[in-house]
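See below for the structure under consideration.
It should be emphasised that the depicted structure is a prediction, and the values quoted were computed from it without experimental measurement. The sequence lines fix the lettering, A, B, ..., with proteins before strands; numbering per chain opens at 1.
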2 protein chains.
Amino acid sequence: MKLSEGVEAAIHCAALLAGLAPGKTLPAAALAEYHGVSASYLVKHLNRLAAAGVLVSVPGPHGGYRLGRSAKRISLLDIVLAVEGPEPAFRCAEIRQRSPGALEPDAYQKPCGIKVAMLKAEQAWRQALRAERLADVIAGYEAEADPRALAFGCAFLQRHQRPGDAAAMSASPDPQ
Amino acid sequence: MKLSEGVEAAIHCAALLAGLAPGKTLPAAALAEYHGVSASYLVKHLNRLAAAGVLVSVPGPHGGYRLGRSAKRISLLDIVLAVEGPEPAFRCAEIRQRSPGALEPDAYQKPCGIKVAMLKAEQAWRQALRAERLADVIAGYEAEADPRALAFGCAFLQRHQRPGDAAAMSASPDPQ
DNA sequence: TATATCTTGGATATTTTTTATCTTCAATAG
DNA sequence: CTATTGAAGATAAAAAATATCCAAGATATA
């Protein structure tokens, strides 16, 4: 029962990227530096997030990463699933069929009750993650964090942000 | 986001042990054979369950494992926590303090909002697991499973059960 | 004392996670 | 229009965690 460390970094990255001006991007190296994590590892998570549509990656000297849609429409579940993969945490290996008294496979049409119960509980977890939107997390952060930390974040963004792709601005006309 | 493989075996073991007559025990070797898993590895999970009080281990030639309390009072959460440990799946490494612009530690008294949101979702998962009682899972199993599989399970228990410890019978006067 | 069981610790193998290195791509300068 | 540069993307290697197995010790029964 362990979430990979990358999930924490991924969420923090998304939260930071939400502060970018529309269309601008931030390179992976800057994200890694800001969070004090290995850049080569972070890139893997960023790519998965991009593949899932949570982020958009822009190649080239002006490139980097930015959010794929508004922070209001990104849930923590989107991020967790992108990084960890869609498979449920509980994987039923059908050990009920490995018994010495196992029947023919047809006798196990109905799903294993243990699997059903475990997956049902997991749905509750996913539902709760789905309800947590990135925008809300950021709002809470801005309300509670030390003003100096906030200011540093803004300055950092100003310093490292890249123009991104000009065409992208018109394609993502939903700020915040 | 992955539950260790032992969780599935642990739940199946607990479900099988619930079918024992009060006071009787089943050796680890029988549990491993019934589920087609490695005995030496299963023992580690059984011992964790015993340490948590979910199971009781009885040494000696008449020994083996049995439930530590009635199946009604054992939740899937009890089993999952016993096997996986009590730590939450999301472990906040406080990477917000690893930023190049980090402040003194005192500035981070308030908990990280991301951590709070993730732990809140995890509480929903645990709550759902807590609501799933072993007795309910077994009832569902008995209602849906193939009668032949049920019969084999009973016969297997009859064949392999051990007398257990005589003193234990009076100590656990809550059947089912 | 002999046996059947749990208990404990370590050795080994497999998988997953993390880090490092190299290749490809697109924008700009000359 | 080619070369350079700063970035993403892909591949390979190192480290860590997990799963499995094996063997010697402890405990209780007969």
Protein-nucleotide distance ([X], atom [atom1]; [N], atom [atom2]), rounded to Å:
X: B:L31; N: C:dT5; atom1: CG; atom2: P; value: 12 Å
X: B:R66; N: C:dC6; atom1: CZ; atom2: P; value: 13 Å
X: A:K44; N: C:dT19; atom1: NZ; atom2: C1'; value: 9 Å
X: B:E8; N: D:dA19; atom1: CD; atom2: P; value: 12 Å
X: B:L55; N: C:dC6; atom1: CG; atom2: P; value: 12 Å
X: B:R48; N: C:dG9; atom1: CZ; atom2: P; value: 13 Å
X: B:H45; N: C:dT7; atom1: NE2; atom2: C1'; value: 16 Å

message = Tell me whether the rings of B:F152 and B:Y34 are parallel (<30°), tilted (30 to 60°) or perpendicular (>60°).
response =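 Parallel, since the angle between the ring planes stays under 30°.
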At under 4.0 Å, does any side-chain N or O of [X] touch on OP1 or OP2 of [N]?
X: B:K2; N: C:dT16; value: yes
X: B:S4; N: D:dT18; value: no
X: A:Y41; N: C:dT19; value: no

Which atoms form the tightest heavy-atom contact between [X] and [Y], and what is the distance?
X: A:E94; Y: A:K115; result: OE2-NZ, 4.4 Å
X: A:L55; Y: A:L17; result: CD2-CD1, 3.7 Å
X: A:E132; Y: A:V137; result: OE1-CG2, 4.5 Å
X: B:C92; Y: A:E8; result: SG-OE2, 3.5 Å

For [X], which residues count as a side-chain contact (heavy atoms from CB on, under 4.5 Å) partner, sequence neighbours excluded?
X: A:S4; value: A:V7, A:Y41, A:H45, A:V83, A:E84
X: B:A124; value: A:A128
X: B:E5; value: none

Give me the distances for all protein-to-nucleotides 3-10 of chain D N/O pairs that come in under 3.5 Å?
residue : atom : partner : partner atom : Å
D:dA7   : OP1  : A:R162  : NE           : 2.9
D:dA7   : OP1  : A:R162  : NH2          : 2.8
D:dA8   : OP1  : A:A28   : N            : 3.0
D:dG9   : OP1  : A:S57   : OG           : 2.8
D:dG9   : OP2  : A:N47   : OD1          : 2.4
D:dG9   : OP2  : A:Y65   : OH           : 3.3

task = Scan residues 77-96 of chain A against DNA chain D and write down, sorted by residue number, each residue with any heavy atom closer than 4.0 Å; if none is found, say none.
result =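 None, since no heavy atom is under 4.0 Å.
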task = Answer with yes or no whether the side chains of A:Q123 and A:R126 bring together a donor and an acceptor at under 3.5 Å.
result =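 The criterion, which ignores hydrogens and geometry beyond distance, is not satisfied for A:Q123 and A:R126.
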ask   = For the helix from C:dT1-D:dA30 to C:dG30-D:dC1, how many degrees between its two end axes (five pairs per end), to the nearest 10°?
value =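 Angle reported: 0°, given to the nearest ten degrees.
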task = Indicate yes or no: does A:R148 engage B:E104 in a salt bridge with an N to O separation below 4.0 Å.
result =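 Salt bridge: yes.
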key: B:R69/B:D78 ion pair, N-O < 4.0 Å   =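 Between B:D78 and B:R69 there is a salt bridge, with a charged N closer than 4.0 Å to a carboxylate O.
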